[in-house]
Amino acid sequence: MLHTDYPFDTNNRAYQRLLTLAGEHFEVVTWENATGRPTMLTLVDVASHDAVSLALIDTADDHQAHALLAVTTDAALSLHGPIAGRTAAADYAPHLAMHNADIAATTPAALHHPDNTTIGTSEWLTIPPDIAAAAHTGALDTTSVGLVLLDRDRAQMVIVGPFSTPADAQAWQPDTDGWPPVDRVVVGLHPPASETDSP
């Protein structure tokens, strides 16, 4: 039996979907180690009894804190979150658009945690150049804010947060000061509304 110390979440959505799809076409045998952690799947073709075994190494879950970045028709920015995972943030977009006719575009964006002052190059989110040029803050009508580091020349941004106050957001500094040159835009961070909330 295969033994592994890699983390494995049996509630992982991809793993659950694999079990469902495989079960529709094969007899599925799940192998577990002494702790009950699944380590291998054997898929048996019912007609021929041929089999193939797949090692289960680990799982990865989409739970990083994200916000849904919204841009209104006059290029005012707002943030909606935090939301656990990019997919969940993207799924919130239709609900938000149905309740605010001024929204022209949305995109999920990872929230860079304020405790980490190092921003990796892969964290920069590319945005349309016309939005980068015109983007500005909307009304700060929330109890939480995010700091948008906006590189207008390269049409990209990083969102840091959440912060309790605009002053906390403005005081935050990355450890790579000066590159790339950015505008600092404090934006309201709205908690996601439930689908039953009125507009």
Side-chain angles (χ1 to χ4, degrees), residues 1-70 79-98 105-128 144 146-149 156-163 172 174-176 189-197:
M1 185 150 325
L2 176 67
H3 294 277
T4 178
D5 293 328
Y6 288 102
F8 196 92
D9 178 9
T10 56
N11 293 319
N12 177 275
R13 292 164 288 191
Y15 175 65
Q16 289 298 320
R17 183 169 294 181
L18 172 63
L19 291 179
T20 299
L21 292 175
E24 293 174 356
H25 303 280
F26 300 96
E27 179 183 345
V28 179
V29 179
T30 303
W31 300 85
E32 299 177 348
N33 65 14
T35 67
R37 177 217 191 274
T39 57
M40 188 166 52
L41 292 179
T42 297
L43 308 180
V44 181
D45 179 66
V46 177
S48 68
H49 297 288
D50 288 352
V52 62
S53 293
L54 308 171
L56 301 176
I57 305 300
D58 61 13
T59 57
D61 298 325
D62 180 23
H63 293 304
Q64 180 186 358
H66 276 65
L68 185 67
L69 172 67
L79 295 168
H80 304 267
I83 299 172
R86 179 179 180 80
T87 301
D91 289 347
Y92 184 63
H95 173 79
L96 182 63
M98 285 178 53
T106 62
T107 188
L111 283 173
H112 181 89
H113 198 282
D115 289 349
N116 182 1
T117 58
T118 301
I119 298 174
T121 55
S122 63
E123 294 183 70
W124 291 90
L125 174 68
T126 301
I127 58 175
S144 182
L147 175 65
V148 176
L149 301 178
Q156 58 186 5
M157 64 172 54
V158 170
I159 302 170
V160 184
F163 295 95
W172 187 86
D175 61 10
T176 53
L189 182 62
H190 302 83
S194 71
E195 293 187 11
T196 58
D197 290 344

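Residues passing the side chain to side chain donor-acceptor pair (under 3.5 Å) test with N12, sequence neighbours excluded: D61. In this structure, S122 has no side chain to side chain donor-acceptor pair (under 3.5 Å) partners at least two apart in sequence or on a different chain. Shown here are the side chain to side chain donor-acceptor pair (under 3.5 Å) partners of T126, two or more places apart in sequence or in another chain: there are none.
Pairing each heavy atom of A89 with each of L68, the nearest pair is O-CD1, 3.5 Å.
The shortest side-chain heavy-atom distance between F26 and D50 does not fall under the 4.5 Å cut-off. With a 4.5 Å cut-off on side-chain heavy atoms, S53 and V29 do not count as touching. Between Y15 and P38 there is a side-chain heavy-atom pair separated by less than 4.5 Å. Contact annotation: the side chain of T42 approaches that of W31 to within less than 4.5 Å [non-hydrogen atoms, C-beta and beyond]. Using a 4.5 Å heavy-atom threshold, the side chains of H66 and Y92 count as separate. Side-chain contact between L79 and I159: present, with at least one pair of heavy atoms (C-beta onward) separated by less than 4.5 Å. In this structure, L19 and L41 have side chains that are in contact, with non-hydrogen atoms separated by less than 4.5 Å.
In this structure, CZ on R13 lies 6.5 Å from OG1 on T87, to the nearest 0.5 angstrom.
Ring orientation note: the planes of H80 and H190 are close to parallel, at an angle under 30° on the 30°/60° scale.
Proximity of a side-chain donor or acceptor of T106 to a complementary backbone N or O of A93 within less than 3.5 Å is not detected. Formation of a donor-acceptor pair under 3.5 Å by the Q64 side chain with backbone atoms of A110 is not found in this model.
Using a 3.5 Å distance cut-off with no hydrogens or angles, the side chains of N33 and T39 do not pair a donor with an acceptor.
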